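These numbers come from a predicted model, not from an experiment.
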Amino acid sequence: HLIEGRVAPGIVGLAEEIGAGLVVVGSRGRGGIRRALMGSVSDSVVRHAHCPVLVVRDGGRERDYLPGRILLAVDGSAEASAAARTAAELADHTDSELHVVHVGEVRPVSHPERRGYRARYDELQEQARRLLKEQVDEVNSAGGTVSRAHLRMGRPDEEIVVLGEEIGAGFIVTGSRGLGGMRRALMGSASDSIVRHAHCPVLVVRE
């Protein structure tokens, strides 16, 4: 298909027109400020496509991504549930290991030794552990097979990217909550950051 005009709307429109089940795009990895002000084709396609979007960055070396390890990031949202269904299907069809991660978000503090911080941290960790177990049970009950569950605490985007590298993931699968344009430009989103920094392709699923 040859389309003239603005690239991202053209891709999104054609995907909807032909009933695509997946859109695959490359990412040129613009710097932070330029990306925030101008956006990118991959950002825009991820934000507006009606179906999952696979974003592939040039890692500088040839490799086979599948079969291998698929890392599914979950946070209990409807988007994460949609991502879980997609990841379970992908793992099953490619005979890949499915790893699930949930990151309990903890904001850095200047004095972590302050009274009450440890109790609050333990409380957040326990909440995160329960949510991770619920998500793993959901994947397994839907017919998926989780090879291993990972609990991390910290900033979700950073922890997911680091874990993906640690386990040698061939794909990272995540949901996208679709922040509005200005808020997204100023704050970014976990899925944006994962797409930008992951060493492997990232599959972004929207509900």
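With hydrophobic clusters built from ILVMFWY side chains whose heavy atoms lie under 4.5 angstrom apart, Leu163 does not share a cluster with Leu131. Taking hydrophobic clusters as Ile, Leu, Val, Met, Phe, Trp and Tyr residues chained together by side-chain heavy-atom distances below 4.5 Å, Ile70 shares a cluster with Leu151. Residues Val7 and Val55 are members of one and the same hydrophobic cluster, defined by side-chain heavy-atom contacts under 4.5 angstrom among Ile, Leu, Val, Met, Phe, Trp and Tyr.
Considering NE2 of His93 and CD of Glu89, their distance stands at 5.5 Å, rounded to 0.5 Å. Expressed to the nearest 0.5 Å, how far CD of Gln135 lies from CG of Asp75 amounts to 7.5 Å. Summarising the geometry, atom OG1 belonging to Thr86 is positioned 12.5 Å from atom CZ belonging to Phe171; distances are rounded to the nearest 0.5 Å. Note: Arg155 CZ to Ser193 OG = 5.5 Å, rounded to the nearest 0.5 Å. Note that NE2 of His197 and CD of Glu165 are 12.0 Å apart. Values are rounded to the nearest 0.5 Å.
A 4.5 Å side-chain heavy-atom check between Ile167 and His99 finds at least one atom pair inside the cut-off. Between Leu203 and Thr174 the shortest side-chain heavy-atom distance does not fall below 4.5 Å. Here the side chains of Leu124 and Asp122 are not in contact, with every heavy-atom distance at 4.5 Å or above. Side-chain contact check for Met153 versus Tyr121: some heavy-atom pair is nearer than 4.5 Å. In this structure, Leu98 and Thr145 have side chains that are not in contact, with every pair of non-hydrogen atoms separated by 4.5 Å or more.
Between Arg152 and Glu166 a salt bridge is recorded (basic side-chain N to carboxylate O distance below 4.0 Å).
Side-chain atoms of His102 come within 3.5 Å of backbone atoms of Val74 as a donor-acceptor pair (strictly under, hydrogens ignored). Side-chain N or O atoms of Ser44 include none that pairs as donor or acceptor with a backbone N or O of Val41 at under 3.5 Å. Side chain of Ser96 to backbone of Gly68: a donor-acceptor contact under 3.5 angstrom is found. Proximity of a side-chain donor or acceptor of His199 to a complementary backbone N or O of Ala169 within less than 3.5 Å is detected. Checking side-chain atoms of Asp92 against main-chain N and O of Gly144 turns up no donor-acceptor pair under 3.5 Å.
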Test log, rule side chain to side chain contact (heavy atoms under 4.5 Å, CB included), inputs Val101 and Leu71: CA-CA 7 Å; Val101 59; Leu71 178 60; 3.7 Å; yes
- request: Please test Arg130 against Gln127 for side chain to side chain contact (heavy atoms under 4.5 Å, CB included), starting from the C-alpha separation and ending with a verdict.
  value: CA-CA 5 Å; Arg130 286 198 300 268; Gln127 289 174 4; 3.6 Å; yes
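Annotation for Gly10 and Ile3: closest pair O-CD1, 3.4 Å, computed over non-hydrogen atoms. Pairing each heavy atom of Gly104 with each of Ala128, the nearest pair is CA-CB, 3.9 Å. Between Ile160 and Ile194, the shortest heavy-atom distance links the atoms CD1-CD1, 3.7 Å. Closest of all the heavy-atom pairs between Ser42 and Val25 is CB-CG2, 4.0 Å. For the residue pair Val136 and Ala149, the shortest heavy atom distance occurs at CG2-CB, 3.8 Å. In terms of heavy atoms, Val204 sits closest to Ser191 at CG1-CB, 4.3 Å.
No more than 12 heavy atoms of other residues, nucleotides or ligands sit less than 6.0 Å from atom CZ of Arg148.
Screening Val23, Val173, Leu22 for a side chain to side chain contact (heavy atoms under 4.5 Å, CB included) with Pro52, the sole residue that qualifies is Leu22.
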